[in-house]
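Reading through the structure tokens given below for one structure.
Hydrogens, waters and symmetry mates are skipped; everything else that's a heavy atom, side chains included, is used. Computed from a predicted structure; not experimentally measured.
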Amino acid sequence: MTEKVAHSSLETLRNTRIQKLNDLVDKGINPYPYTFDRTASAAQLHEKYKDLPNEGEDSEVFSLAGRIMAMRNSGMFIDLVDSSGKIQIFTHKENVDEEKIKLLKLLDVGDIIGVHGNVRRTPRGELSIKVKDLKILSKSLLPLPEKWHGLTDVETRYRQRYLDMIMNEEVRDTFLKRSLIIKEIRDYLSQRGFLEVETPMLQTIAGGATARPFKTYHNTLDMDMFLRIAPELYLKRLMVGGVSEKVFEINRNFRNEGISPKHNPEFTMLELYQAYVDYNEMMALTENLISSVAQKVLGTMIVTYQDREINLTPPWDRMTMIGAVKKFTGVDFGQLLSVPEAAEEGKKLGAEVEEGDTWGVILDKVFEINVEPHLIQPVHIIDYPRDISPLAKPHRDDNKLVERFETRINGWEIANAFSELTDPIDQRRRFEQQVSNKRETDHETPAEVDYDYVTALEYGMPPSGGLGVGIDRLIMILTNAASIRDVIAFPTMRPKINI
RNA sequence: GCGCUAUUAGCUCAGCCGGUAGAGCAAUCCCCUUUUAAGGGAGAGGUCCCGCGUUCGAAUCGCGGAUAGCGCACCA
């Protein structure tokens, strides 16, 4: 192997910092110490001293720590950033001994330091820490992006998210909000008696949705397994078991499909089930849950998403799927029940109807093209075709439909819910039909029937409402994120050498 | 999977009709020292994404490839 000569610019910059690190060690300073006792955050001091006048000074000494984001006047002024915000650090030779002034020479933007000092507001109004002592807490070896333009290259932002977070406060804010949103969902459900549970990620039959799964292999058991595409069939087994009449899970699903601004191969889903209620109760729960989370986290139920105002205040509109199609196209699929008739109208309305499409599939395609783009405000689209909904109970008033709704916000499917199918004989028939109709090119339908699930139903599952909510998309709307990658800390990327 | 676009210094970007690469920030050294993108000066820093081709000559043109973004398809 030839020796690589370190002459790249980055290598030089890194070597310069390693030299500083060695100088620190030579001075007997550990550049990576163990602890630092903080007594304040930047935001706490801004709040406490918000009325301090220019040139005003207080004698109380605080300790705080954070990352150096800028240095001015040879380090006399430092912008220190912690998770609460930014505060200026003022280190003057009048206040500290000479060793500390020399230490400034060995600091760089990006280093993490701890300081002790009192608070003073400068003549120009900048609240500052007048340093009495200063300590390096972590030496940074690589240069941060430029302070003015920051990091904008999207590829680097996603690949090296830590840099994106260091440089972009709004990115930190998005992930803070993500955490708060999920916490509020948990709190909301827990307060209403829902039990949080966990179900298998590794499954032998990837059921509960129509999607292409990731395949993997268990060595000891010598068998293929799949990463789950949905937790549904296991959560409903829990409903049979009856540990709780209300259960929920917030966790990852994996789907081996295309990547887009709205799709990541792994994404977070909330699924919940409640015994003795139907899909009407799920509609009320959906809008109350989402609106109250928005109120708690954002302080409002009216959000702006990409220049559009979205009002999450309940109650939300409801439209039947057939009614919605009729409203936007004038065509009543409730009167077009034969497949040839439906196919003909569907094609006229722009749907790409394929051989073998059922009435429900055609209606769904027509809906997607002609209705979905109009559904900006929250709306529950109710009563789906039976043949595209194998896990939902037949509609009590119309046998070709099921009691299912999808909640649309900004045109996207945010929630999907039904009166759960609990009839084991009907369920067995639908699964078997699905599997026998599976075509060669169909990678989404499971290859075999999940008979264990059918057996569970045969022991009896209480009538239940079930609900799934796409958490990432909900967070996108609540944080005004243009891409799902902006709300997933480490989105799926092709690996790249040489970053 | 297909189409469009992008890729130049650590970062943000210029670079025209092909003539051999520039700025600002960061870094280094010097000066200055209550700054707010601090200021002044000096020097340094490059696999122009990769490969092949055209050409006397390619960052620039052509072909192939890589990665990414967007759109389409699939889906939530």
Taking only N/O atoms, report every protein-nucleotides 66-70 of chain B pair under 3.5 Å with atom names and distance.
residue, atom, partner, partner atom, Å
U67(B), OP1, Arg494(A), NE, 2.9
U67(B), O3', Arg159(A), NH2, 2.9
U67(B), O2', Glu155(A), OE1, 3.4
U67(B), O2', Glu155(A), OE2, 2.2
U67(B), O2', Arg159(A), NH2, 3.0
A68(B), OP1, Arg494(A), N, 3.0
A68(B), O4', Glu155(A), OE1, 3.1
G69(B), OP1, Arg485(A), NE, 3.1
C70(B), OP2, Arg485(A), NH1, 3.1
C70(B), OP2, Arg485(A), NH2, 3.4

Check nucleotides 32-34 of chain B for protein N or O atoms closer than 3.5 Å to its own N or O atoms and list the pairs.
residue, atom, partner, partner atom, Å
C32(B), N4, Ser74(A), OG, 3.3
U33(B), O2, Asn73(A), ND2, 3.2

With sequence neighbours left out, what residues match [X] under salt bridge (charged side-chain N to carboxylate O under 4.0 Å, His left out)?
{"X": "Glu47(A)", "answer": "Lys50(A)"}
{"X": "Asp173(A)", "answer": "Lys177(A)"}
{"X": "Arg161(A)", "answer": "Asp164(A)"}

Tell me whether the centres of the aromatic rings in Phe405(A) and Trp316(A) are closer together than 6.0 Å. no
Quick check: Phe214(A) with Phe226(A) (ring centres under 6.0 Å apart)?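 No, too far apart.
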Can you check C50(B) for me, syn or anti if syn means within 90° of 0?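 What C50(B) shows is an anti base, its glycosidic angle lying more than 90° from 0.
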What pair of heavy atoms forms the shortest contact from Leu235(A) to Glu271(A), and how long is it?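 Nearest pair, atom of Leu235(A) first, then Glu271(A): CD1-CB, 3.5 Å.
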If you compare every side-chain N and O of Arg72(A) against the phosphate oxygens of U35(B) (OP1, OP2), does one of them come in below 4.0 Å? no
So, is Lys20(A) close to the U28(B) phosphate, meaning a side-chain N or O under 4.0 Å from OP1 or OP2? yes
Under the ring pair (Phe, Tyr, Trp, His ring centres under 6.0 Å) definition, can you give me all pairs with a residue in residues 105-129 of chain A, not counting sequence neighbours? Phe36(A)-His116(A)
Assess whether a salt bridge exists between Glu55(A) and Arg124(A), defined as any Lys/Arg side-chain N lying under 4.0 Å from an Asp/Glu carboxylate O. no
Before accepting this row, confirm whether a basic side-chain N of the pair Arg186(A)/Glu196(A) lies closer than 4.0 Å to the acidic partner's carboxylate O.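 Yes, Arg186(A) and Glu196(A) are salt-bridged.
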Would you tell me whether [X] and [Y] have side-chain atoms, one donor and one acceptor, within less than 3.5 Å of each other?
{"X": "Arg121(A)", "Y": "Ser128(A)", "value": "no"}
{"X": "Glu406(A)", "Y": "His380(A)", "value": "no"}
{"X": "Asp442(A)", "Y": "Thr445(A)", "value": "yes"}

Pull out every protein N or O sitting under 3.5 Å from an N or O of nucleotides 40-43 of chain B, one pair per line with the distance.
none

Specify the residues of residues 352-371 of chain A, ordered by number, for which at least one heavy atom lies under 4.0 angstrom from an atom of RNA chain B. none
Would you indicate what [X] reaches in the nucleic acid, counting non-hydrogen atoms under 4.0 angstrom: base, sugar-phosphate, or nothing?
{"X": "Asp153(A)", "answer": "sugar-phosphate"}
{"X": "Glu126(A)", "answer": "base"}
{"X": "Gly258(A)", "answer": "base"}

Applying salt bridge (Lys or Arg N to Asp or Glu O under 4.0 Å) as the test, list every pair that has at least one member in residues 357-375 of chain A; sequence neighbours left out.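 Those involving residues 357-375 of chain A are Glu354(A)-Lys365(A), Asp357(A)-Lys365(A), Glu372(A)-Arg408(A).
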Give me each pair satisfying salt bridge (Lys or Arg N to Asp or Glu O under 4.0 Å) with a member in residues 465-487 of chain A, each pair once, sequence neighbours excluded. Arg157(A)-Asp486(A), Arg178(A)-Asp472(A)
In whole angstrom, give the distance that lies between atom CG of Leu107(A) and atom P of U28(B).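 After rounding, the reported distance stands at 11 Å.
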With a cut-off of under 6.0 Å to the ring centre and 45° to the axis, is Arg404(A) in cation-pi contact with Tyr384(A)?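 Yes - Arg404(A) lies over the ring of Tyr384(A), closer than 6.0 Å to its centre and within 45° of its axis.
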Where do N or O atoms of nucleotides 24-26 of chain B meet protein N or O atoms at under 3.5 Å, pair by pair?
residue, atom, partner, partner atom, Å
G24(B), N2, Glu146(A), OE1, 3.2
A26(B), OP1, Lys147(A), NZ, 3.0

With Watson-Crick and G-U wobble geometry limited to distances under 3.5 Å, how should the secondary structure of RNA chain B be encoded in dot-bracket form, using | for bases paired to another strand and [ ] for crossing pairs? (((((((..((((.....[..))))..((((.......))))......(((((..]....))))))))))))....
